[in-house]
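The structure appears below as structure tokens.
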Amino acid sequence: MKFFVDTANLDQIQEAQDLGILDGVTTNPSLMAKEGIKGKNAVLSHYRKICDLVDGDISAEVISTDFEGIIREGEELADLHENIVVKVPMIKDGIKAIRYFSDKGIRTNCTLVFSAGQALLAAKAGATYLSPFIGRVDDISWNGLQLIEQIVEIYGNYAFETQVLAASIRNPLHITACAEIGADVVTCPLKSILALLNHPLTDNGLAKFLADAKKMEE
Ligand code: G3P
């Protein structure tokens, strides 16, 4: 399973990269805005900085919603770096754009996915990645992990090559559940990745080992 970090914050990306377990980065307009990035040049330069930090797939999201606009923006993003994956919303023109990009060899991440039907369409259009939003489904009292399960089963039935990239992860249990289900990728806030480290028995055990190690000092 690939681990992506879901942020546009360069310090957090660097921290995840330094762990040595990072396979890529996903961003979205909300995460970019959170970093105070303003204007097209600043956006493009920020993506370049992320590409310099991480040698893995970097999802950069278009903000156009019409076919021509998505293509124009997506091609510009894809030209930035070979690791850029163009993130396209699950709308009618988005699906047409994913097919266009796929035919041209430009990799895509279909985002804002909340149903198995949407997942089918994205795979048919040739999306490289599919981003179902677990947390946001849970937020409305549906079951985000069941959605991941359903999509993994459907993709398996037909050997679709689209990779299931579980997004909107809110806690470490989402990550381990995705691993059990067989999601190809999880994209997580850094704090959910770091939370995987935690276990009180590890802390207690280490404290005891270190205390005993002191007894061996000359
Ligand atoms: O980038 C998409 C996704 O991961 C957003 O997560 O927490 O805003 O629902 P969240």
Side-chain angles (χ1 to χ4, degrees), residues 1-13 15-17 21-37 43 46-47 49-51 53-54 56-65 70 73-74 77 83-91 94-95 97-98 107-116 118-119 121-122 127-149 151-152 162-179 181 183-196:
M1 184 171 70
K2 289 189 235 175
F3 266 56
F4 290 179
V5 68
D6 194 27
T7 183
N9 181 282
L10 298 179
D11 291 337
Q12 289 187 19
I13 293 170
E15 190 176 339
Q17 169 71 8
I21 52 88
L22 192 65
D23 300 298
V25 179
T26 52
T27 62
N28 62 39
S30 306
L31 295 171
M32 293 288 279
K34 202 168 153 193
E35 298 310 308
I37 299 153
V43 168
H46 199 77
Y47 283 133
K49 285 180 196 161
I50 296 176
C51 290
L53 288 182
V54 178
D57 288 348
I58 313 296
S59 286
E61 187 160 344
V62 299
I63 50 174
S64 299
T65 53
I70 296 173
E73 251 190 274
L77 289 168
N83 289 346
I84 290 281
V85 175
V86 181
K87 206 170 175 189
V88 179
M90 165 45 75
I91 52 176
I95 288 297
I98 287 170
R107 294 174 313 135
T108 55
N109 174 354
C110 182
T111 188
L112 289 166
V113 171
F114 295 93
S115 77
Q118 292 178 326
L121 278 179
T128 315
Y129 294 106
L130 178 91
S131 290
F133 282 25
I134 299 177
R136 293 193 197 183
V137 172
D138 288 355
D139 287 345
I140 58 158
S141 295
W142 290 28
N143 191 325
L145 289 169
Q146 264 173 17
L147 174 64
I148 302 293
E149 224 161 25
I151 295 170
V152 166
T162 302
Q163 297 177 53
V164 179
L165 189 167
S168 188
I169 296 242
R170 300 281 165 79
N171 59 59
L173 290 181
H174 275 158
I175 301 176
T176 47
C178 281
I181 292 167
D184 302 286
V185 190
V186 281
T187 188
C188 326
L190 179 62
K191 74 170 180 347
S192 300
I193 297 177
L194 295 178
L196 291 172

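As the structure lists them, so they are numbered: ligands from 1, and atoms in each ligand from 1. Positions are given from 1, in the same order as the sequence printed here.
Across Thr162 and Tyr129, no two heavy atoms sit closer than the pair CG2-C, 3.9 Å. The nearest pair of heavy atoms linking Leu190 to Ala16 is CD1-CB, 3.9 Å. Counting all heavy atoms, side chain and backbone alike, Ile63 lies closest to Pro29 at CG2-CG, 3.8 Å. Considering all non-hydrogen atoms of both residues, Ile84 and Cys51 come closest at CD1-SG, 3.8 Å.
Asp138 has no carboxylate O lying under 4.0 Å from a charged side-chain N of Arg170, or vice versa, which leaves the two without a salt bridge.
At under 3.5 Å, a nitrogen or oxygen of Arg136, whether backbone or side chain, sits near a nitrogen or oxygen of ligand 1. Taking any N or O of Lys87, backbone or side chain, at least one lies under 3.5 Å from an N or O belonging to ligand 1. Looking at ligand 1, you won't find any N or O of Thr187 less than 3.5 Å from one of its N or O atoms.
A donor-acceptor pair under 3.5 Å links the side-chain atoms of Thr128 to the main chain of Thr108, judged by distance alone.
Atom 4 (O) of ligand 1 has as its closest protein heavy atom Asp6 OD2, 2.5 Å. Among all non-hydrogen protein atoms, the one lying nearest atom 2 (C) of ligand 1 is Phe133 CZ, 3.3 Å. Nearest protein heavy-atom contact of atom 6 (O) of ligand 1 is Ser168 CA, 3.4 Å. Regarding atom 1 (O) of ligand 1, its nearest protein heavy-atom neighbour is Asn28 ND2, 2.9 Å.
Note on ligand 1: Arg170 sits in its first shell, one or more heavy atoms being nearer than 4.0 Å.
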